[in-house]
2 protein chains.
Amino acid sequence: MGSRLNANLQRFGALSAAEAQAVDELIGASRLAAPGEDMAAEGDPAGPCRVLIEGQAFRHKTLPDGRRQILAFLIPGDIIDLPGVFLNLDHSVTALGACELGSIPRTRLDALMQGAPAISHALWRTSQMELAIAREWMVGMGRRSAYSRIAHLFCEMIVRLGSVGLVSGYRCTFPVTQQHLSDALGLSAVHTNRTLQALRREGLLSFQAGELTVLDWPALQEAGEFDHTYLHLAGRPPRQSLTSARA
Amino acid sequence: MGSRLNANLQRFGALSAAEAQAVDELIGASRLAAPGEDMAAEGDPAGPCRVLIEGQAFRHKTLPDGRRQILAFLIPGDIIDLPGVFLNLDHSVTALGACELGSIPRTRLDALMQGAPAISHALWRTSQMELAIAREWMVGMGRRSAYSRIAHLFCEMIVRLGSVGLVSGYRCTFPVTQQHLSDALGLSAVHTNRTLQALRREGLLSFQAGELTVLDWPALQEAGEFDHTYLHLAGRPPRQSLTSARA
DNA sequence: CGTCTAGTTGATTCGCCTCAAGTGTTGTGG
DNA sequence: CCACAACACTTGAGGCGAATCAACTAGACG
């Protein structure tokens, strides 16, 4: 369903029925990506613009000696190649679990960005939201403790996944290993492990086998100094469970 | 001179003469900001879109207890309010030295983003470049040592300022205190001080009174693991001095 | 069953932080 | 012209958070 893209673009404000339909028609053939597959690599020239329809992925840079920094997690509805549309890609994108990808022809995209102001604005907003998330990550890596950082990331994923209907009962799929978490937060795997244990011990969450369950949402937010406003999702922490297809 | 904006937008690719003129005519009245003045604060609603014509500034978030994270440095030609055009601002912007600001009416901006593909694309590229810089900062804060991070930031500023003609002889104005550097890099002021001393001791640079001079550009790049490609400036490290007005 | 990967644990080390003074410079008012 | 703030920078001492090194366990898989 391409309408995941619609769900994404309309998180900030509704599109008209015609526009929404135009968005759905954007997406051509979809294809699958296997877990761990590199969907894009550093230096790739501009190509088609792909959308993550199902599954999760991450952007990352890996240094020559193996150190890796994860830059963003992508969830259904996110646009993979927005950076690559205008500049050469300066990082890689790898699938976490199995992914389904949609593809938008460049000509169609260009046409809409020129001719459909509402869609163009929606694309701008998603791009600025990615920047807003990056800024919050910088605050975390620069100024927050490991404990806070981990809590904050989990809060963020709950709200983001919730906004596209992938959270129910404070539970969601987040198929990352502790090593992924470490690389996203700038920590060692050992320290991430111990800190995760502390979060579990305090009863804030459970996290195993790629499934995250928040057990004490207020406490987790406080631990992470989490304030959802930077996500610009009109204050939509998961109050009631937004049960959704195949959550 | 509004043409600083043109210099910025055309760093990636030329605009036609007519487009360049349209860009220059975008900017209405300019005004001055005093050193340390907050030019925008967290939570500000969308307003006019301002451009930094002269001087430098920085984006930052300050936490309730006083910890501060600097998110970006803005240099002449940079657009201050790009994040605020589409979403409420989630951070503050403060002048470093004295600044001159130009202002673009929203209606004019919207019209150009719809009607002038080349300008619209140039805006997209600047936005994606800001994201690219943010990503590189994440790599630094997550995975690089204090020594590397400082070196990297200085390399970045030299290349960015060089791309708008504000570097001559590997020397540029960068009016930040050690505290600013610390807040940008996620370090304590004490440690920044000691690490700066190391960089000076090794003869890589001099940095005092807001003026940066790179004494050993190859060594500084190596120390910072600096690879300019993420800046997408067509590999323009400052070879020959690009002397410029009032540099 | 061996092998692989993810997670866990302990011991040790170190990069960076915090606290606490002290220096130098600038600006300001008496 | 001299206190004296105010600020940026510097230096020393001590401590903690997180890294590193090194096993070891447990489940998944062929």
If you restrict it to nitrogen or oxygen atoms, what contacts under 3.5 Å exist between nucleotides 4-7 of chain C and the protein, and what is each distance?
| from | atom 1 | to | atom 2 | distance (Å) |
| --- | --- | --- | --- | --- |
| dG7(C) | OP2 | Gln178(A) | N | 2.8 |

Handout entry: Contact pattern, 5' to 3', of nucleotides 16-30 of chain D - B, S or - by protein heavy atom under 4.0 Å
Key = --BSBB---------
Exercise for the section: For Glu211(A), check salt bridge (Lys or Arg N to Asp or Glu O under 4.0 Å) against everything at least two apart and list the hits. Expected result: Arg171(A)
Practice task
State, to the nearest 10°, the angle formed by the axis through the first five base pairs of the helix from dC1(C)-dG30(D) to dG30(C)-dC1(D) and the axis through its last five.
Solution key: 30°
Practice task
Start with the C-alpha distance between Lys61(A) and Glu42(A), add both sets of side-chain angles, then the distance that settles salt bridge (Lys or Arg N to Asp or Glu O under 4.0 Å), and finish with yes or no.
Solution key: CA-CA 8 Å; Lys61(A) 285 195 184 193; Glu42(A) 205 172 322; 5.7 Å; no
Problem - Heavy-atom neighbours of Glu222(A) CD exceed 12 at 6.0 Å - result: no
Exercise for the section: Without swapping roles, check the side chain of Asp38(A) against the backbone of Ala40(A) for a donor-acceptor pair under 3.5 Å. Expected result: no
Problem - Glu136(A) and Arg144(A) ion-paired at < 4.0 Å - result: yes
Problem - Ion pair check, Glu54(B) and Arg4(B), cut-off under 4.0 Å - result: yes
Practice task
Would you kindly give the CZ-to-P distance between Arg201(A) and dT8(C), to the nearest whole Å?
Solution key: 12 Å
Exercise for the section: Whole angstrom is fine here: how far is it from CD in Gln208(B) over to P in dT23(C)? Expected result: 21 Å
Enumerate, atom names and distances included, each donor-acceptor pair closer than 3.5 Å involving a side-chain atom of residues 66-82 of chain A, sequence neighbours excluded.
| from | atom 1 | to | atom 2 | distance (Å) |
| --- | --- | --- | --- | --- |
| Arg67(A) | NE | Asp65(A) | OD1 | 3.2 |
| Arg67(A) | NE | Asp65(A) | OD2 | 3.0 |
| Arg67(A) | NH1 | Arg143(B) | O | 2.7 |
| Arg67(A) | NH2 | Asp65(A) | OD2 | 3.3 |
| Arg67(A) | NH2 | Glu225(B) | OE2 | 2.5 |
| Arg68(A) | NE | Asp183(A) | OD2 | 2.7 |
| Arg68(A) | NH2 | Asp183(A) | OD2 | 2.9 |
| Gln69(A) | NE2 | Asp183(A) | O | 3.1 |
| Gln69(A) | NE2 | Ala184(A) | O | 3.1 |
| Asp78(A) | OD1 | Asn8(A) | ND2 | 3.1 |
| Asp78(A) | OD2 | Ile75(A) | N | 2.9 |
| Asp78(A) | OD2 | Arg160(A) | NH2 | 2.9 |
| Asp81(A) | OD1 | Arg50(A) | NH2 | 3.1 |
| Asp81(A) | OD2 | Arg50(A) | N | 2.8 |
| Asp81(A) | OD2 | Arg50(A) | NE | 2.8 |
| Asp81(A) | OD2 | Arg50(A) | NH2 | 3.3 |

Problem - OG1 on Thr213(B) to CZ on Phe207(B), rounded to 0.5 Å - result: 10.0 Å
Exercise for the section: Describe, in one word, how the ring planes of Phe226(B) and Tyr230(B) are oriented to each other, choosing from parallel (under 30°), tilted (30 to 60°) and perpendicular (over 60°). Expected result: perpendicular
Practice task
Using atom CZ of Arg67(B) as one end and atom P of dT18(C) as the other, report the distance to the nearest whole Å.
Solution key: 10 Å
Handout entry: Residues which pass salt bridge (Lys or Arg N to Asp or Glu O under 4.0 Å) with Arg149(B), listed by chain and number, not counting sequence neighbours
Key = none
